[in-house]
**Q** 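Below you will find the structure I want to go over with you.
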Amino acid sequence: MNNLPHTEEAYDLLHQGAIALAQVEANGIRIDTEYLDRTMERLDTKIKRLQGSLRSSTVGKVWETYYKERTNFDSNTQLGTILFDVLGHECPAETASGKHKTDEKTLATINHPFVKRCMTIRKMQKTRNTFLQGIHHEVVPAKFFNGSVWETGGLIHPVFNLHLVKTFRSSSDSPNFHNFPVRDPKIAKIIRQAFIARPGHRLVEIDYSGIEVRVAACYHKDPRMLSYLNDNSTDMHRDMAMEVYLLPQEEVTKTIRYCGKNGFVFPEFYGSTYTERARELWGMIGELNLTLEDGTSLYDHLESHGIRGLGELGENGRPPRGSFLAHIQSVENDFWERRFRVYHQWRNRWVKQYRERGWILSKTGFICQGYMLRNEIINYPIQGSAFHCLLWSLIRLQKEIKRRGMKTLLVGQIHDSIVADVPDEELGDYLALAKKVMTVDLKKAWKWICVPIEIEAEVTPVDGNWYQKKEVEI
DNA sequence: TACTTCGGCGCC
DNA sequence: AAAGGGCGCCGAAGTA
């Protein structure tokens with residue numbers, strides 16, 4: 001790997017970025033240490049109890065008979081052996097090194113209470129050991145003046161690195177601030193309640209909407225994509241959901257749109273192809289129980305349109321007629337050959353150029369070189385430049401906060417969002433400042449940004465926690 | 001005991 | 001030619 005900032009501007013961005021992030025790191029984010037300790041203890045008890053129930057179950061006895069004193073219910077290797085070799089369940093997949101796969105998707109294919117319990121335990125262990133304990137390891141004591149008296153509490157100071165990622169994104173560690181649970185609301189609540197605002201403050205998280213898609217458009221300038229981005233009454237994720245599930249616009253619910261976005265559009269942008277797309281989109285119907293407004297399952301809906309099942313690639317390598325596989329293949333063809341033809345052509349040109357001269361130069365002035373695969377060549381400059389929009393904004397925000405003598409503290413960053421700890425009385429000023437910096441000043445500084453830039457803001461109550469964040473208008 | 005690799009899984 | 005881009009952390013298992 002031999003990637004480097006190439007222009008003076010790129011060098012400055014890393015330099016000033018490192019300084020701004022050092023300040024963020026020094027500020028730190030407040031932790032409710034009593035809640036943290038209490039919750040770790042509670043989960044500990046729960047996990048131990050569940051593991052006890054494994055031990056006393058029928059499968060647990062089989063396990064102990066097989067492994068004797070080496071029995072370890074936390075071992076995936078042992079779990080795979082018991083399920084697939086001893087009990088004879090069908091093993092749908094193997095790992096790279098030839099062991100039985102035991103990930104969530106694989107285990108979900110086995111309808112057995114023992115396996116379900118294993119999955120529950122695994123989720124709880126992840127929550128406790130990776131996230132709660134990860135925070136606990138890094139907490140340092142701190143004092144906070146609550147307006148009348150000093151109270152004790154804790155801070156963590158997640159590290160933000162600018163020199164580790166090949167795309168020139170950032171990474172975070174100790175603890176990793178980039179991967180705290182958010183999608184599963186039950187887990188998100190357990191973790192995010194531990195992050196609290198300083199006394200009299202609110203936590204404020206501001207993120208760029210679809211920044212990677214917008215930055216990608218600055219590279220390829222596909223006219224269809226530009227019109228999607230310039231006209232907020234249109235919505236490409238909704239449109240693709242309509243195509244993949246053969247629905248009229250009014251049948252696209254929030255969940256179905258989610259499937260279009262995360263089951264088709266984004267994976268296609270990252271380089272996934274129709275066989276994998278069809279499989280996931282098909283599975284999503286069952287997992288998320290997708291139905292028409294009248295309650296008809298989308299499986300039945302698709303069947304009424306002549307699609308009988310997912311289907312499998314035939315001997316000739318082609319999907320069978322009337323299968324979902326064949327349908328998604330044609331949606332994909334249309335997606336790249338007609339709808340986003342210019343995007344597609346840009347990708348081919350971009351890859352060809354790399355193969356001819358051996359390097360690529362991003363919009364923000366960074367060179368990537370060395371051996372790269374097609375999907376890497378296409379994705380690196382987009383991922384890097386999208387993050388650099390955030391980094392530029394964070395640097396400018398930090399400088400303005402200091403210049404104006406504000407008490408707002410920037411406390412974290414998550415690729416396309418900035419988390420701040422804001423005194424209640426500065427909320428309006430901070431939101432206005434962030435909006436100007438992130439959507440107006442950024443575009444003035446970087447003329448290559450030829451699409452509208454939009455942000456969203458979420459705010460907690462005064463003295464609230466990160467789980468309580470709610471979207472606000474700015 | 002210390003280190004590495006693997007599989008798994010959380011996020012954008 | 002490869003088959004979905006980028007991270008960091010955990011525990012198990014293997015190795016030094």
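Atom set for the values below is all heavy atoms of this structure, side chains included, hydrogens, waters and symmetry mates excluded. Each chain gets a letter, A, B and so on, in the order its sequence line appears, and its residues count up from 1.
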**Q** Could you work out which one of C:dA12, B:dC9, C:dC9 sits closest to the side chain of A:D173?
**A** C:dC9
**Q** Taking donor-acceptor contacts at under 3.5 Å, does the side chain of A:E276 reach the base of C:dG4?
**A** no
**Q** Under 4.0 Å between any heavy atoms, over every strand shown, what does A:N179 touch: base, sugar-phosphate, or nothing? Just pick one.
**A** base
**Q** For a quick check of understanding: with a heavy-atom distance under 4.0 Å over all strands, which category does A:F177 fall into, base, sugar-phosphate or nothing?
**A** nothing
**Q** Base, sugar-phosphate alone, or nothing: which one does A:S170 contact when heavy atoms must sit under 4.0 Å apart?
**A** nothing
**Q** Please state whether the phosphate of C:dG6, meaning OP1 or OP2, lies under 4.0 angstrom from any side-chain nitrogen or oxygen of A:N379.
**A** no
**Q** Nearest to the side chain of A:A96, heavy atoms from C-beta on, is which of B:dG10, B:dG7, C:dG6?
**A** B:dG7
**Q** Within the structure shown, what part of the strands sits under 4.0 Å from A:I382 by heavy-atom distance: base, sugar-phosphate, or nothing?
**A** nothing
**Q** I'd like a table of donor-acceptor pairs (distance under 3.5 Å, sequence neighbours excluded) in which one partner is a side-chain atom from residues 263-271 of chain A, with atom names and distances.
**A**
unit_1 : atom_1 : unit_2 : atom_2 : d
A:E268 : OE1    : A:W336 : NE1    : 2.9

**Q** Contact class for A:A386 vs. all strands (heavy atom < 4.0 Å): base, sugar-phosphate, or nothing?
**A** nothing
**Q** Which listed nucleotide (C:dA2, B:dG7, C:dA13) is nearest to the side chain of A:T102?
**A** B:dG7
**Q** Using salt bridge (charged side-chain N to carboxylate O under 4.0 Å, His left out) as the criterion, point out the one residue from A:K105, A:K101, A:K99 that pairs with A:D103.
**A** A:K101
**Q** Can you tell me if A:T167 touches the phosphate of C:dC7, counting only side-chain N or O atoms and a distance under 4.0 Å to OP1 or OP2?
**A** no
**Q** With a non-hydrogen cut-off below 4.0 angstrom, is A:F131 in contact with a base, only sugar-phosphate, or nothing?
**A** sugar-phosphate
**Q** So A:E94, base contact, sugar-phosphate only, or nothing? Heavy-atom distance under 4.0 Å.
**A** nothing
**Q** Report yes if a side-chain nitrogen or oxygen of A:T95 is closer than 4.0 Å to either non-bridging phosphate oxygen (OP1 or OP2) of B:dG7; otherwise report no.
**A** yes
**Q** Taking only the side-chain nitrogens and oxygens of A:T130, find out if one of them lies under 4.0 Å from OP1 or OP2 of C:dG8.
**A** no
**Q** Among C:dG8, B:dC11, C:dA13, which is the nearest nucleotide to the side chain of A:V182?
**A** B:dC11
**Q** About how many Å separate CG of A:L4 and CG of A:L14, when rounded to the nearest 0.5 Å?
**A** 10.0 Å
**Q** Atom CZ of A:F387 to atom P of B:dC12: distance rounded to whole Å?
**A** 15 Å
**Q** Would you kindly give the NE2-to-P distance between A:H100 and B:dG7, to the nearest whole Å?
**A** 13 Å
**Q** State which of B:dC11, C:dA13, B:dG7 makes the closest approach to the side chain of A:S97.
**A** B:dG7
**Q** If you check the A:N72 side chain, which of C:dG4, C:dA13, C:dA2 turns out closest?
**A** C:dA13
**Q** Please state whether the phosphate of C:dG6, meaning OP1 or OP2, lies under 4.0 angstrom from any side-chain nitrogen or oxygen of A:Y270.
**A** no
**Q** Expressed in angstrom and rounded to an integer, what is the separation of A:I121 atom CD1 from C:dA12 atom P?
**A** 13 Å
**Q** Looking at B:dC11, I'd like to know if its phosphate oxygens (OP1 or OP2) sit under 4.0 Å from a side-chain N or O belonging to A:R183.
**A** yes
**Q** Need one value for A:R374: base, sugar-phosphate or nothing, where a base atom within 4.0 Å counts as base even if backbone is also close, heavy atoms only.
**A** nothing
**Q** Would you indicate whether the side-chain heavy atoms of A:L79 and A:I82 approach each other to under 4.5 Å?
**A** no
**Q** Let's see if you can work this out: which of C:dG8, C:dA12, B:dC12 has an atom nearest to the side-chain heavy atoms of A:K126?
**A** C:dG8
**Q** Taking atom P of B:dC11 as reference, at what distance in whole Å does atom CD of A:Q383 sit?
**A** 17 Å
**Q** How close or far is atom C1' of C:dG6 from atom CD of A:Q413, stated in whole angstroms?
**A** 13 Å
**Q** Can we call the ring centroids of A:F84 and A:H100 under 6.0 Å apart?
**A** yes
**Q** I want to verify a distance call: between B:dG7, B:dG8, C:dG11, whose nearest atom is closest to the A:N129 side chain?
**A** C:dG11
**Q** Just call it for A:S172: base, sugar-phosphate, or nothing, with non-hydrogen atoms closer than 4.0 Å on any strand.
**A** sugar-phosphate
**Q** Output the single nucleotide from C:dA13, B:dC11, C:dG11 whose closest atom is nearest the side chain of A:S75.
**A** C:dA13
**Q** Under 4.0 Å between a side-chain N/O of A:K123 and OP1 or OP2 of B:dG10, yes or no?
**A** yes
**Q** Please work out if A:R122 contacts a base, only the sugar-phosphate, or nothing of the nucleic acid, heavy-atom cut-off 4.0 Å.
**A** sugar-phosphate
**Q** If I take atom CD in residue A:E212 and atom P in nucleotide C:dG4, what distance separates them, rounded to the nearest angstrom?
**A** 17 Å
**Q** Which whole-number value in Å describes the distance from A:L107 CG to B:dC9 C1'?
**A** 13 Å
**Q** Establish, yes or no, whether a centroid distance under 6.0 Å links the rings of A:W466 and A:F177.
**A** yes
**Q** I need the CG-P distance between A:L162 and C:dG8, as an integer number of Å.
**A** 12 Å
**Q** Would you indicate what A:E376 reaches in the nucleic acid, counting non-hydrogen atoms under 4.0 angstrom: base, sugar-phosphate, or nothing?
**A** sugar-phosphate
**Q** Base, sugar-phosphate, or nothing: which does A:E104 touch, judged by heavy atoms less than 4.0 Å apart?
**A** sugar-phosphate
**Q** State which residue, out of A:K470, A:R202, A:K469, fulfils the salt bridge (charged side-chain N to carboxylate O under 4.0 Å, His left out) condition with A:E458.
**A** A:K469
**Q** Between the side chains of A:R341 and A:D222, is the shortest nitrogen-to-carboxylate-oxygen separation below 4.0 Å, so that they form an ion pair?
**A** no
**Q** Can you find a donor-acceptor pair, distance only, under 3.5 Å between A:R277 side chain and C:dG4 base?
**A** yes
**Q** Need one value for A:S174: base, sugar-phosphate or nothing, where a base atom within 4.0 Å counts as base even if backbone is also close, heavy atoms only.
**A** sugar-phosphate
**Q** From the list C:dG11, C:dG4, B:dG10, which nucleotide is the closest neighbour of the side chain of A:Q133?
**A** C:dG11
